[in-house]
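Shown next, in structure tokens, is the structure this report addresses.
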Amino acid sequence: MTVSFLPGLLSLALLATDCSRAAPPTTATTPTQPTVASTTPAAPALQVGAAQFGRYVPQLKGKRVGLVVNQTSRVAQAYLVDTLLAQGVGVKTIFAPEHGFRGEAADGATIKDGKDARSGLPVRSLYGATKKPTPEMLQDLDVLIFDIQDVGTRFYTFISTLHYVMEAAAEQGKEVVVLDRPNPNGWYVDGPVLDPALKSFVGLDPLPIVHGLTVGELAQMLNGEKWLAGGVQCKLTVVPVAGYTHATRYELPVRPSPNLPTAQSVALYPSLCMFEGTDVSVGRGTSTPFEVLGSPRQPASRPFTFVPTPNAGSTDPPQKGQTCRGVNLHDAKAEGFTLRYLLDFYQQSTAKDQFFNKGFERLAGTKELRTQIIAGKTEAEIRKSWEPGLSQYKQLRKKYLLYPES
């Protein structure tokens, strides 16, 4: 089953949320009359949690609400915050994850606290010095709503924000409501499970690179496995997606990041993000991020070249101004996670001692992968080393599935 949406909003200057790169302070939006979604939208074959107002809005009446949202938090073309305010929901605070709230910053700096010009609500940053909501941030709230589009990988930082939001809510006795959305890479599970010694904001929990869960399913896992600090569990409600299975191929209606602008880039992202821990550019600073690979230290025989330059999505891209030799994957078949690109680029590197950087292990989630690549191991040999951890995770995952596999 394939579900596609017209990318009518993709021309907006949206924010990057890729691996461990940050974004500059949000800038105020020009106050305009917001678009508000109908309270009784038509019932399509697939309906995201946020669109099912009857399943959660009545429970918010009389409560002080905080929203953990970004530019993907929409029903049709309406921002969730605008729609909830129009319905009389007592939204008091917006929490901005990596790259901000309404999608108006580029990568390269932290997000700062501010004020949303449209709604007048305070915006509190959860990316910068503070990644976990403080008791002061939550003291005047009763419930936190999390509604952010994920792309199904361990290193996509919105799920780390989910972890910290749930943890803070549990500690402060607040409710959490997750409005679930499909996972565009939710049809498979793959990659090494995170080594706890490499825990970071690009990997907080013992998940494989491709975790195969929606954020609602993951929230249940975080609670059920007591992975939050001290084993605390928050009061959690998940509003599931209607009409979804893990076999559903879902094309995002709003790009989750400016550096993931297409369905192809989203599909390739699990396999290409580890290149952020190497000297190979993934195309930040080009019009096709996460669809190209190249480095100045690849052979001249490579069939494709590009030069990263600053743009709205990346103000200081890796290998800026240098000719990168590599490959164009725009038309490549992207069916699942693979190491073949990583192995190929290391083997053809003209400066292997400069290939990896200190961030590689954090993204890979394992200390072994670098040494395996250097030793010339094949992909099949490397994959064997991920067992039995990956098989154990697949069994664990079954406990928390909200949707059928097919």
Side-chain angles (χ1 to χ4, degrees), residues 5 8-9 12 26 28-97 100-104 114-124 126 133 137-149 158 161-162 165-166 169 174-182 214-216 219 234-244 252-254 402:
F5 292 80
L9 300 174
L12 295 174
T26 44
T29 58
T30 302
T32 59
Q33 186 66 31
T35 303
V36 176
S38 167
T39 58
T40 56
L46 185 149
Q47 195 175 44
V48 298
Q52 300 174 61
F53 301 112
R55 299 192 64 172
Y56 66 97
V57 169
Q59 284 69 49
L60 301 177
K61 297 298 184 182
K63 294 183 179 180
R64 301 166 297 174
V65 177
L67 297 182
V68 187
V69 289
N70 69 0
Q71 78 278 356
T72 67
S73 310
R74 307 187 195 191
V75 178
Q77 295 188 8
Y79 281 87
L80 182 65
V81 59
D82 298 327
T83 298
L84 294 184
L85 287 170
Q87 295 187 46
V89 175
V91 181
K92 303 300 181 184
T93 306
I94 297 166
F95 292 95
F101 163 48
R102 287 200 189 261
E104 292 148 351
K115 184 177 182 179
D116 177 46
R118 284 190 192 176
S119 65
L121 292 171
V123 178
R124 307 298 297 269
L126 294 182
M137 289 179 178
L138 300 185
Q139 64 182 358
D140 296 326
L141 300 175
D142 302 308
V143 58
L144 294 167
I145 294 179
F146 185 97
D147 179 32
I148 295 178
Q149 179 66 58
F158 293 146
T161 296
L162 172 67
V165 164
M166 290 179 59
K174 311 297 181 179
E175 301 176 44
V176 175
V177 176
V178 174
L179 304 179
D180 213 5
R181 290 179 179 268
T214 65
V215 289
C234 72
K235 182 178 180 181
L236 174 67
T237 300
V238 175
V239 180
V241 183
Y244 176 67
L252 305 183
V254 177
L402 292 170

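Note that these values count all heavy atoms, side chains included, but never hydrogens, waters or copies made by symmetry.
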Which pair of heavy atoms, one from [X] and one from [Y], lies closest together, and at what distance?
X	Y	answer
Q71	Y79	CA-CE2, 4.0 Å
T83	A78	OG1-CB, 3.6 Å
D116	V123	N-CG2, 3.7 Å
I148	V69	CG1-CA, 3.9 Å
G49	Y56	O-CE2, 3.5 Å
A169	V176	CB-CG2, 3.4 Å

Would you mind reporting whether [Y] and [X] have side-chain heavy atoms less than 4.5 Å apart?
X	Y	answer
Q59	E175	no
L144	L138	yes
V91	S119	no
P133	R124	no
T214	V241	no
V68	T161	yes
V254	Q149	no
L67	L121	no

* Sequence neighbours left out, what passes ring-ring contact (aromatic ring centres under 6.0 Å, His included) with F95? Give chain and number order. => none
* Asked: Would T237 and V143 count as a side chain to side chain contact (heavy atoms under 4.5 Å, CB included) if you check the C-alpha gap in whole Å, the side-chain angles of each, and the deciding distance to 0.1 Å?
  -> CA-CA 10 Å; T237 300; V143 58; over 6 Å; no
* Asked: Are D180 and Y244 close enough, and set up right, to give a side chain to side chain contact (heavy atoms under 4.5 Å, CB included), and what steps lead you there?
  -> CA-CA 11 Å; D180 213 5; Y244 176 67; over 6 Å; no
* Taking only residues two or more places apart in sequence, or in another chain, which ones meet K92 in a side-chain contact (heavy atoms from CB on, under 4.5 Å)? -> R64, L141
* Is K63 atom NZ crowded by more than 12 heavy atoms from other residues, nucleotides or ligands, each under 6.0 Å away? -> yes
* When you look at V75 and F53, which way does the side chain to side chain contact (heavy atoms under 4.5 Å, CB included) test go after all the steps? -> CA-CA 10 Å; V75 178; F53 301 112; 4.0 Å; yes
Output the distance between atom [atom1] ([X]) and atom [atom2] ([Y]), rounded to the nearest 0.5 Å.
X	Y	atom1	atom2	result
N70	L80	CG	CG	11.0 Å
R74	D82	CZ	CG	10.0 Å
L126	F101	CG	CZ	13.0 Å

* For D147, check salt bridge (Lys or Arg N to Asp or Glu O under 4.0 Å) against everything at least two apart and list the hits. => R181
